[in-house]
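These notes are about the structure you will find just below.
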Number of protein chains: 2
Amino acid sequence: MDDVFRAIADPTRRAILDELVDRDGQSLFEICSRLTMKHGICSSRQAISQHLDVLQGAGLVESRREGRFKFHFLNRKPLEQIARRWLRAQPRENNS
Amino acid sequence: MDDVFRAIADPTRRAILDELVDRDGQSLFEICSRLTMKHGICSSRQAISQHLDVLQGAGLVESRREGRFKFHFLNRKPLEQIARRWLRAQPRENNS
DNA sequence: AGAATAGGCAAGTATCCACTTGCCTGTCAA
DNA sequence: TTGACAGGCAAGTGGATACTTGCCTATTCT
């Protein structure tokens, strides 16, 4: 769970998640070019690849290799748990 | 919004939020001792104070000074927006 | 008044992390 | 089969950041 928070702390990784929401199953180069086009992010291929590793390590992204391509898929489950961590219970007022 | 993600990236700050969910309006020393007791976090008072500054900068915590005490209150609104960023739309499959 | 309590400020340190750089492997097309 | 394409590995670097250290202010209690 710690990995998930660390993963979404970086704005480039959040942009990657946004891109996968828009279109699931992209390859590394697709993601790179879309980040440049739509988000103005001009990081190198290697940088994005490392970001994808972090996202995968956090369970937010899964990947499948096909030939020379590697496709990346979004996994929402860890994000759903984040949402519920602090938003369920109402806090007790401190009356002491 | 960037500040919010950076703020919740740190495990100690997440523990502080957990503590404020459990009991809103705690002072700095209350938070320090509770972190030690319940979370095994043995950071110094200054460290926790700096964490509270970060949380406040992100709008996750508000504070009110009364005499020599400063009470800290949780603000859930930024967290609600996080939850809704990636969980609304279903991603389109890549059929190309 | 004097001591203890609650907290603040600022500089220094050490670690972490995003990114680069250079080179390598595997796949497909001409 | 040769070159272009898609991606991987690993070491190095610079900047961010969590934490410490030392000292200071303000408030409350005895």
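Letters A, B, ... are given to chains in the order of the sequence lines, protein chains preceding strands, and every chain is numbered from 1.
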Next on the checklist: Would B:Lys70 and B:Arg64 count as a side-chain contact (heavy atoms from CB on, under 4.5 Å) here? Give the steps.
Outcome noted: CA-CA 6 Å; B:Lys70 187 179 179 187; B:Arg64 184 174 67 218; over 6 Å; no
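- Geometrically, B:Arg45 does not engage B:Phe29 in a cation-pi contact defined by less than 6.0 Å to the ring centre and at most 45° from the axis.
- Considering only side-chain atoms of A:Gln50, the nucleotide from C:dG8, D:dC19, D:dA10 that sits closest is D:dA10.
- In this structure, the CZ atom of B:Arg45 is 15 Å from the P atom of C:dA10, given to the nearest Å.
- In this structure, B:Arg65 fails the cation-pi test against B:Phe71, since its NZ or CZ atom is not both closer than 6.0 Å to the six-membered ring centre and inside 45 degrees of the ring normal.
- Per the geometry, CZ belonging to B:Arg68 stands 21 Å off P belonging to D:dC24, to the nearest Å.
- Regarding B:His51, its NE2 atom lies at a distance of 16 Å from the P atom of C:dG7, rounded to whole Å.
- OP1 or OP2 of C:dA18 has at least one side-chain nitrogen or oxygen of A:Arg13 nearer than 4.0 Å.
- Counting to the nearest Å, the C1' atom of D:dG7 and the CG atom of A:Asp53 are 11 Å from each other.
- The shortest distance between the side-chain N/O atoms of A:Arg6 and the OP1/OP2 oxygens of C:dC17 is below 4.0 Å.
- Between B:Ser44 and D:dT20 there is a side-chain N or O to OP1 or OP2 distance below 4.0 Å.
- One interatomic measurement links the two molecules: CD1 of B:Ile48 to C1' of C:dA6, which rounds to 15 Å at whole-angstrom precision.
- Remark on DNA chain C: of its neighbouring residues B:His72 and A:Phe69, the 5'-side contact belongs to B:His72, judged by nearest-heavy-atom nucleotide.
- Residue side chain A:Arg65 does not reach the base of D:dG7 through any donor-acceptor N/O pair under 3.5 Å, judged by distance alone.
- For A:Phe29, the side-chain atoms get nearest to D:dA6 when compared with the rest of D:dC19, C:dC19, D:dA6.
- For the pair A:Gln46 CD and D:dG12 C1', the computed distance is 14 Å after rounding to whole Å.
- Atom CD1 of A:Ile82 sits about 7.0 Å away from atom CG of A:Leu60, to the nearest 0.5 Å.
- Contact between the side-chain N/O atoms of B:Lys70 and the OP1/OP2 oxygens of D:dA26 is not found at any separation under 4.0 Å.
- Put simply, CZ on A:Phe71 is 12 Å from C1' on D:dG7, counting in whole angstrom units.
- No side-chain donor from either of A:His72 and A:Glu30 sits under 3.5 Å from a side-chain acceptor of the other.
- Per the geometry, CD belonging to A:Glu66 stands 19 Å off P belonging to C:dG26, to the nearest Å.
- Nearest-nucleotide assignment on DNA chain C puts the 5′-proximal partner with B:Leu28, out of A:Asp10 and B:Leu28.
- One finds no side-chain N or O of B:Ser27 lying less than 4.0 angstrom from the OP1 or OP2 phosphate oxygen of C:dA6.
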